[in-house]
Amino acid sequence: QVQLVESGGGSVQPGGSLRLSCAASGSIFNINRMGWYRQAPGKPRELVATIVSSGFTNYADSVKGRFTISRDNAKNTVWLQMNTLRPEDTAVYYCNAFVTTTTRAQINFWGQGTQVTVSS
């Protein structure tokens, strides 16, 4: 009923930048919260950043000052601008959306993930 499609992942050198995007489509009435999570090999999934409809943001301590999350409510799209990337940022990044569907169900949806690799 709702699909999230991520793009923008790739390989970059330490100190470089990358911009991820995620577009939601389907039976959407409203998206209250969107965010990005990441999972490195052998490690649990962790929150990177979230943003609610009002624009209020939340960031993991490890990315504060380096990453910026933004969204376009009308387009159901969220971006993650990643600057000053470090090797420890290497992970699969997943888009997440807490959605009120057209039938008024409230459900978390996940994207398929996009690989980000930071290495020299």
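As the structure is a prediction and not an experimental result, all values here were calculated from the model. Along the sequence shown, the residues carry numbers beginning at 1. Below, each value reflects all heavy atoms present in this structure, side chains not excepted, and no hydrogens, waters or symmetry copies.
Under the rule for a salt bridge (charged side-chain N to carboxylate O under 4.0 Å, His left out), Arg33 has no partner lying at least two apart in sequence or in another chain. Contacts of Asp72 classified as salt bridge (charged side-chain N to carboxylate O under 4.0 Å, His left out), with partners at least two apart in sequence or in another chain: none.
Ser53 places a side-chain N or O within donor-acceptor distance of the main-chain N or O of Ile31, the cut-off being under 3.5 Å. Of the possible donor and acceptor atoms, one in the side chain of Asn96 sits under 3.5 Å from a partner among the backbone N and O of Phe109.
Residues Arg38 and Val63 are in side-chain contact: their nearest non-hydrogen atoms beyond the backbone lie under 4.5 Å apart. Side-chain contact between Ile69 and Leu80 is present, with heavy atoms from C-beta onward closer than 4.5 Å. When side chains are defined from C-beta on, Phe98 does not count as touching Asn30, because their heavy atoms never get closer than 4.5 Å. Using a 4.5 Å heavy-atom threshold, the side chains of Thr50 and Tyr37 count as touching. Side-chain contact between Arg66 and Asp89: present, with at least one pair of heavy atoms (C-beta onward) separated by less than 4.5 Å.
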Which atom pairs, donor and acceptor, lie under 3.5 Å between side-chain atoms of residues 4-16 and protein residues at least two apart or in another chain?
{"residue": "Glu6", "atom": "OE1", "partner": "Gln112", "partner atom": "N", "Å": "2.9"}
{"residue": "Glu6", "atom": "OE1", "partner": "Gln112", "partner atom": "NE2", "Å": "3.2"}
{"residue": "Glu6", "atom": "OE1", "partner": "Gly113", "partner atom": "N", "Å": "2.9"}
{"residue": "Glu6", "atom": "OE2", "partner": "Cys95", "partner atom": "N", "Å": "2.8"}
{"residue": "Glu6", "atom": "OE2", "partner": "Gly113", "partner atom": "N", "Å": "3.1"}
{"residue": "Ser7", "atom": "OG", "partner": "Ser21", "partner atom": "OG", "Å": "2.7"}

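The closest side-chain donor-acceptor pair between Thr103 and Thr101 falls under 3.5 angstrom.
Rounding to the nearest 0.5 Å gives a distance of 6.5 Å between CG of Leu18 and CG of Leu85. Rounding to the nearest 0.5 Å gives a distance of 11.5 Å between CD of Gln1 and OG of Ser25. Going from atom OG1 of Thr100 over to atom CG of Asn32 covers 6.5 Å, rounded to the nearest 0.5 Å.
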Worked verdict on Thr90 versus Val118 for side chain to side chain contact (heavy atoms under 4.5 Å, CB included): CA-CA 5 Å; Thr90 296; Val118 185; 3.8 Å; yes

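Side-chain heavy atoms closer than 4.5 Å link hydrophobic residues (I, L, V, M, F, W, Y) into clusters, and following such links, possibly through other members, connects Tyr94 to Leu47. Linking ILVMFWY side-chain heavy atoms closer than 4.5 Å, directly or via other members, places Ile107 and Ile28 in a single hydrophobic cluster.
Considering Trp79, Tyr93, Tyr59 in turn, Tyr93 is the only one that fulfils the side chain to side chain contact (heavy atoms under 4.5 Å, CB included) rule with Trp36.
When all heavy atoms of Ile51 and Arg71 are compared, the pair lying nearest together is O-NH1, 3.3 Å. Nearest heavy-atom pair, Arg86 versus Ser62, reported as atom, atom and distance to 0.1 Å: NH1-O, 3.9 Å. In terms of heavy atoms, Met34 sits closest to Asn76 at CE-O, 4.0 Å.
A salt bridge links Asp61 and Lys64; the closest N-O separation between the charged side-chain nitrogens and carboxylate oxygens is under 4.0 Å.
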